[in-house]
Peer 1: 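My questions will all concern the structure given below.
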Amino acid sequence: QVQLVESGGGLVQAGGSLRLSCAASGRTFRSYAMGWFRLAPGKEREFVAVISSSGVMTYYGDSVKGRSTIARDNSGNTVSLQMNNLKPEDTAVYYCAAALQPWQRDLMSTPLKYTYWGQGTQVSVSS
């Protein structure tokens, strides 16, 4: 089992940056692809980014592509999401999630691929 704890959220002005972190428990962290999703009020859960278990492959949602970077540290059991040029529409609760299924890039944006989820961290971007 994997437990995930997000941190790094907060209030930032439009154009600013935030770095979200997700700390994972368990010795099998390096076996999981790690993803970030977000949920805004009145909207469906949205895929943000995912990184493969080795860290070699990444995939981003269209809304954050070019503005965000996902990375992982398998020795430290952490995954991060650096977000730049933040916009008010980035306001949401951000969740990290772990997937133990084989990497299938086009399917990694599907929440059902992920087995474990964190509690989320709030990101608020003011205009």
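Values below: every heavy atom of this structure, side chains too, minus hydrogens, waters and symmetry copies. In what follows, residues are counted from 1 in the order of the sequence shown. In this text, all values refer to a predicted model and were calculated from it rather than measured experimentally.
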Peer 1: So, taking the atom named CD in Gln13 and the one named OG in Ser124, what distance separates them when rounded to the nearest 0.5 Å?
Peer 2: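 So the CD of Gln13 and the OG of Ser124 are separated by 13.0 Å.
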Peer 1: Between Tyr59 and Ile70, does the side-chain contact (heavy atoms from CB on, under 4.5 Å) criterion hold? Intermediate values first, please.
Peer 2: CA-CA 9 Å; Tyr59 179 42; Ile70 189 171; over 6 Å; no
Peer 1: Within the distance-only criterion (no hydrogens, no angle test), does the side chain of Thr110 pair as donor or acceptor with the backbone N or O of Leu112 below 3.5 angstrom?
Peer 2: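 Judged by distance alone, no pair lies under 3.5 Å.
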Peer 1: Might you point out which heavy atoms bring Leu4 and Ala24 nearest each other, and give the distance in Å?
Peer 2: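 The answer is CD2-CB, 3.6 Å.
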Peer 1: Between the main-chain N or O of Gln82 and the side-chain N or O of Arg19, is there a donor-acceptor pair closer than 3.5 Å?
Peer 2: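 Side chain of Arg19 to backbone of Gln82: no pair is present.
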Peer 1: Might you point out which heavy atoms bring Met34 and Ala98 nearest each other, and give the distance in Å?
Peer 2: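 Of all heavy-atom pairs spanning Met34 and Ala98, the closest is SD-CB, 3.6 Å.
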Peer 1: What is the minimum heavy-atom distance between Lys113 and Pro102, and which atoms define it?
Peer 2: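 Where Lys113 meets Pro102 most closely, the heavy atoms are NZ-O, 3.4 Å.
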Peer 1: Check the pair Leu81 / Thr69 against side-chain contact (heavy atoms from CB on, under 4.5 Å), numbers first and verdict last.
Peer 2: CA-CA 6 Å; Leu81 180 70; Thr69 303; over 6 Å; no
Peer 1: Should the pair Arg72 and Trp36 be classed as cation-pi, given the thresholds of under 6.0 Å to the six-membered ring centre and 45° from the axis?
Peer 2: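 So Arg72 doesn't make the cation-pi contact.
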Peer 1: Would you compute the distance between atom CD of Gln119 and atom OH of Tyr95 and round it to the nearest 0.5 angstrom?
Peer 2: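 Answer for the CD-OH pair, Gln119 versus Tyr95, is 8.0 Å.
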Peer 1: What are the two closest non-hydrogen atoms of Asp73 and Ser75, and how far apart are they?
Peer 2: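 So the two residues come closest at OD1-OG, 2.6 Å.
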Peer 1: Start with the C-alpha distance between Thr121 and Val93, add both sets of side-chain angles, then the distance that settles side-chain contact (heavy atoms from CB on, under 4.5 Å), and finish with yes or no.
Peer 2: CA-CA 5 Å; Thr121 185; Val93 178; 6.0 Å; no
Peer 1: Find the distance between OH (Tyr94) and CD (Glu6) and round it off to the nearest 0.5 Å.
Peer 2: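 Between Tyr94 OH and Glu6 CD, I get 12.5 Å after rounding to 0.5 Å.
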Peer 1: What is the distance from atom CE of Met83 to atom CG of Asp90, rounded to the nearest 0.5 Å?
Peer 2: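 Taking CE in Met83 and CG in Asp90, the distance rounds to 6.5 Å.
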Peer 1: Find out whether Gln3 and Tyr116 are in side-chain contact, i.e. whether some heavy atom of one side chain is under 4.5 Å from a heavy atom of the other.
Peer 2: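 Heavy-atom side-chain distance check fails, nothing below 4.5 Å.
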Peer 1: Please check this pair: side chain of Thr115 against backbone of Ala99, looking for a donor-acceptor N/O pair closer than 3.5 Å.
Peer 2: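 Looks like no, no N/O pair under 3.5 Å.
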Peer 1: Restricting to non-hydrogen atoms, name the atom on Pro88 and the atom on Ala14 that form the minimum distance, rounded to 0.1 Å.
Peer 2: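 For Pro88 versus Ala14, the nearest heavy atoms are CD-CB, 4.1 Å.
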Peer 1: In terms of hydrophobic clusters joined by side-chain contacts under 4.5 Å, are Ile51 and Phe29 together?
Peer 2: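 Yes, because Ile51 and Phe29 connect within a single hydrophobic cluster, where side-chain heavy atoms sit under 4.5 Å apart.
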Peer 1: Once you round to the nearest 0.5 Å, how far does CG of Leu18 lie from CG of Leu86?
Peer 2: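 Between atom CG of Leu18 and atom CG of Leu86 there are 5.5 Å.
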Peer 1: Compute the centroid of each ring, for Phe37 and then for Tyr114, and state whether the two points are separated by less than 6.0 Å.
Peer 2: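 Aromatic pair counts; centres sit under 6.0 Å.
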Peer 1: Contact between Ser31 and Leu100 at the side-chain level, heavy atoms closer than 4.5 Å - yes or no?
Peer 2: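 Yes - at least one pair of side-chain heavy atoms lies under 4.5 Å apart.
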Peer 1: What I want to find out is whether Lys65 reaches Asp62 closely enough, with some N-O distance under 4.0 Å, to be called a salt bridge.
Peer 2: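 Looking at Asp62 together with Lys65, the answer is yes, because their closest N to O distance falls below 4.0 Å.
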Peer 1: Between Thr91 and Val123, is there a side-chain heavy-atom distance shorter than 4.5 Å?
Peer 2: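 They are not in side-chain contact.
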Peer 1: Is Cys22 close to Thr78 at the side-chain level, that is, under 4.5 Å between some pair of heavy atoms?
Peer 2: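 Side-chain contact under 4.5 Å: no.
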Peer 1: In Å, rounded to the nearest 0.5 Å, how long is the span from CZ of Arg38 to CD of Glu44?
Peer 2: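 Between atom CZ of Arg38 and atom CD of Glu44 there are 13.5 Å.
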Peer 1: Do Pro111 and Trp117 come close enough that some side-chain heavy atom pair is under 4.5 Å?
Peer 2: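 The answer is yes, as the side chains (C-beta and beyond) meet within the 4.5 Å cut-off.
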Peer 1: Taking Asn74 for its side chain and Ser53 for its backbone only, find out whether a donor-acceptor pair lies under 3.5 Å.
Peer 2: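 Checked: pair present.
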Peer 1: Within the 4.5 Å heavy-atom criterion, are Phe47 and Tyr60 side-chain neighbours or not?
Peer 2: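 They are not in contact (no side-chain heavy atoms under 4.5 Å apart), so the answer is no.
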Peer 1: I'd like to check Thr58 versus Val50 (side-chain heavy atoms, cut-off strictly below 4.5 Å). Are they in contact?
Peer 2: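 The answer is no; the side chains never approach within 4.5 Å.
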Peer 1: Could you check whether any side-chain heavy atom of Met108 comes within less than 4.5 Å of a side-chain heavy atom of Met57, counting everything from C-beta outward?
Peer 2: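 When only atoms from C-beta onward are counted, Met57 and Met108 do not touch, as no gap falls below 4.5 Å.
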